[in-house]
Amino acid sequence: MTESIGIVLGKLAFVLLFVLNFGGVLTWVERKQSALMQDRIGANRAAIFGFRAIGLFHGIADAVKMFTKESFRPANAEKFIFTLAPAISVFFALIGFAVIPFGDKLLLGGTEINLQLAPLNVGVLYLFAVAGMAVYGVVLGAWASRNNYALLGGLRAAAQMISYEVALGVSIFGCIMIYQTVDLQEIVRWQGGYWGGWLPAWGVFLQPVGFILFLTVGIAETKRIPFDAPEGESEIIGYNLEYSGMGFGMFLLTDFIETVMIAAITVTLFFGGWQVPYLMPDGFHFPWGGTVELANWAVAILQVVSFTFKVIFFLWLQMTIRWTLPRFRYDQIMRLGWKYLLPISLANIVITGFLILMLK
Amino acid sequence: MMHIFRDLQKELGDFVYDAYTHHGDAVAIIDRKAIHEVCSYLRQQKNFDFLFDLTCVDYPDRTPRFEVVYQLHSFATGERLRLKVPVDERDPQVISVSDIWDIANWYEREVWDMFGVRFKGHPDLRRLLMYDEFKGHPLRKDYPITRRQPLVGPDKTNNSVISPTLEQSRQAMDEYVTEENGLKVKHMFLNVGPSHPAMHGVVRIVVELDGEKVVGSDLGIGYLHRSFEKHSESIYYNGVFPYTDRLNYVSPLINNVGYALAVEKLLGIETTERCKFIRMIMCEISRIADHLTCIGAMAMELGAMTAFLYFMEAREAMYQLIEEVTGARVTISYVRVGGVKSEFPDNFEKRVRLQLKSVEEQIDQVHRLLTRNRIFVDRVRDVAVISLDDAISYGFTGPMLRACGSDYDVRKQFSYCNYDQIDFEVPVGENGDVFDRYLVRMEEIEQSIRIIDQAFEKMPAGAIMVDFEGQEIPADKMADLGKFGQTSGLLNQVAVTDPTLLGSNAAFHSQVYTADKRVALPAKEKTYGSIEGLINHFMLIMEGYGIRPPGGEAYVPVEGANGELGFYVVSDGSDKAYRVRCRPPCFSFVAGFSKLIQGGQLADIVPAFGSINMIAGELDR
């Protein structure tokens, strides 16, 4: 724990840029992937000096628009909270990434760098806490708008996110019972083993039910289709109804960041985080006997790349789900959460515990 | 029909002034004092369970001045009866029948709004299409068509127009409504529309919410009122077609056909066989486009954007076909009294079959995306349910009624355009919920494809452009020659026109137009090449000499994409219609919408509204 300020700032910059860029690129992915699924071309008009770069500049154009657009505040709105709410929302979405490990240890000039921003030994609890706070931005923003539609959206958001928080926590207890730790870096290291010498010991193989539950609940936490009742743009227009300009942009960004967040947590808990199959700290050791020696920095890069690709896979999966399914109704979301997801999660804990005791 | 006249004379003979059949429709003239009795007698004893239209005609020169028209239908016998009630100008009042049929409530409001005829005992006689501050009754003959009443004027700067409603709802929201388990409950009033993403077109719903549950609601329409009926009285018969395009603008061809059939019934003419099939095919293509739009839009509002875009792609294929034939996508103005504007272009049948195949593929995809999707089914099953009796009382027709279990379809009941020669089925639902409406529409698309298939087979072969050497001449050149009197030989030449105007030249003219000279413009060659043709053309085109049906009235229903679309045309023998009444199918759905969403969730409004497929153009006219 003796990393210098410079290294910490470097990691901070890396994580922040990683996340924000992913959030920005996701707006492009959302446009292009939906276009691909719907036999359209998708946004491709934004150009810099005539270069269109298959629509990649649309993210930039969006940002410019959001920043330069008037941030309108209704006359009746609660001024302070109305202004603060989007910031709360985006802040809590961002700080969650502090505990996500994106690589093992990197040796740089004799110092050992832990590729995780904040090596908390209660990482999972920290994530829950942050996710629990995220709802405040939405609810406060909706309430402060003094708009009936926004209020309905805020109420839905509060009910939905608090309900799903319960299932979210319970759905990964099974994992924690197996890993015997709540430190995310340790959890990833735990998944470095192999069964039968070849199958990576990833959480998804131990907790398939837990994985599906977690992903479902996670998507619900991002408030995107099919769980976008708080926004429900064709019904109640949403909690962010009165926001414009960057206030709106921050709510939008929060959704995307949360999407990345859910993908990152899923990867960390169930898909071995930064683990690359058969990659040891000194290189590849294949189960059929071959070895490829690699320097420490090469291993670190491979790990970060592996983590990134796994995250991208889950982003793709979430986008596909988002553009395939219609929206749940508010009461159906509640029923799904309390009557199905929570009991199944609890049953999952009991069965996991039973199996652990049996196998001991 | 005679037995009904007989029974009516026997039971309520004192109040029946006259009973006769006119253009095949049974008509009875009833004393206004007895209209309620007559209606309840007909409904209870004679099975006339369906009030499909209620309107009024203004005759300023007559005493009594107004004539309120009730149109009844019996599902049991398939018979129709038109009741006319003369109403005097000095005391324009009729007894309301809104307790007999729910739909009468809105029809009577419209008649009050448009003609100033009051309905005694009506629970809520407000203006319907016009705004509250409107002065006068626009469909009265003495209301000049050019008079403007701007809503925002110098005397209306104080915003008094909107604030009472807002103030009322604010007051209402401050009051506790009920007390449950010691908790005081306030209801929230939410203004859904007129500009709201789910209110396609513009309609306003004020909902009273208990949490997310809809406790009460009221609808406001008229935001797209463009005085269709008033305009139709001020223009010659063929000039109305562009206005009908703008009724249901998703399937304008059906409106065209409906209006043309009504005028043709007045004239007592029939169009050619081929023309009937052309009309049928174009109607079915429009119906497919309409159903695709309806289902697609409903899916989109439920968040299933992908299904929406698949259907938009299929609709695009339909629009391309329509464009090929008519030259336009939406404002097609294709049909004429006595015919259609043009012949199908070459190889049209082949392209239709090709496009329909792509529609079928998209339907398959959407079945996979929605019909077997648990989330979608949960959102639409048992939502916005209405019983068959209520649906009839509210005057529902089309897919909405068929989803409740009735098999009423105008194409089967009152066949027009040779639909009786076609073998097709009428899909019928069971539960009357949104899911059944969705399934009925999906199935109707497939049936429409079947109809088009058969129509192409049964259709008599069309003319072929005869291509003699040197005989062809561009139509505009022909017009120039004709104007300068160089007419020798023009009669035997063929005018070459734009593909969407094939039909105005002799080769195709007799295929798509009736031979009746009172109605059909002569072919271009005849106009420019012969004096008879020129005079005929002149008589039809010049002001005051157009199509002049004999005095009388006719109502013709057609099966619009949403249900029964009827035109009630009254003629006084001049070249302009005396009164054109359009019975818009979605009017009754919107009138019954409060019933549909009562007790449901706020989120249910969206699929419910999607399923009624309200088209503001035809709702507000």
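Convention: sequence-line order gives letters A, B, ...; per-chain numbering from 1.
- Both the backbone and the side chain of Asp378(B) come within contact range of chain A, judged by heavy atoms closer than 4.5 Å.
- Here the CG atom belonging to Leu602(B) is positioned 11.5 Å from the CG atom belonging to Asp331(A), to the nearest 0.5 angstrom.
- Side chain of His196(B) to backbone of Ile236(A): no donor-acceptor contact under 3.5 angstrom is found.
- Closest heavy-atom contact between Arg379(B) and Gln332(A): CD-OE1, 3.4 Å.
- Between Glu212(B) and Arg329(A) there is no salt bridge, since no side-chain nitrogen of the basic residue lies less than 4.0 Å from a carboxylate oxygen of the acidic one.
- Proximity to chain B is absent for every atom of Leu155(A), based on heavy atoms less than 4.5 angstrom apart.
- Residue contact with chain A, scored on non-hydrogen atoms closer than 4.5 Å, is absent for Ile605(B).
- Note that CZ of Phe189(B) and CG of Asn148(A) are 11.0 Å apart. Values are rounded to the nearest 0.5 Å.
- Options Leu152(A), Leu336(A), Leu151(A), Thr324(A) differ in how many heavy-atom pairs under 4.5 Å they form with chain B, and the most are formed by Leu152(A).
- Heavy-atom minimum distance, Pro226(A) versus Ile375(B): CB-CD1, 4.0 Å.
- Of the listed residues (Gln601(B), Met300(B), Glu313(B)), the greatest number of heavy-atom pairs within a distance under 4.5 Å of chain A belongs to Gln601(B).
- Minimum heavy-atom separation, Leu370(B) to Pro326(A): CD2-CG, 4.5 Å.
- Not a single donor-acceptor pair under 3.5 Å links the side chain of Asp39(A) to the backbone N or O of Tyr310(B).
- Expressed to the nearest 0.5 Å, how far CE of Met305(B) lies from OG of Ser234(A) amounts to 10.5 Å.
- Residue contact with chain A, scored on non-hydrogen atoms closer than 4.5 Å, is absent for Val377(B).
- Closest heavy-atom contact between Arg156(A) and Ala603(B): NH2-CB, 4.0 Å.
- The main-chain N or O of Trp323(A) is found under 3.5 Å from a side-chain atom of Thr306(B) such that the two form a donor-acceptor pair.
- Residues Tyr149(A) and Val192(B) form a side-chain contact, since some pair of their non-hydrogen atoms from C-beta on lies under 4.5 Å apart.
- Other residues, nucleotides and ligands contribute more than 12 heavy atoms inside 6.0 Å of the OH atom of Tyr223(B).
- Looking at Ile237(A), the atoms closer than 4.5 Å to chain B (heavy atoms on both sides) all sit in the side chain, from C-beta outward.
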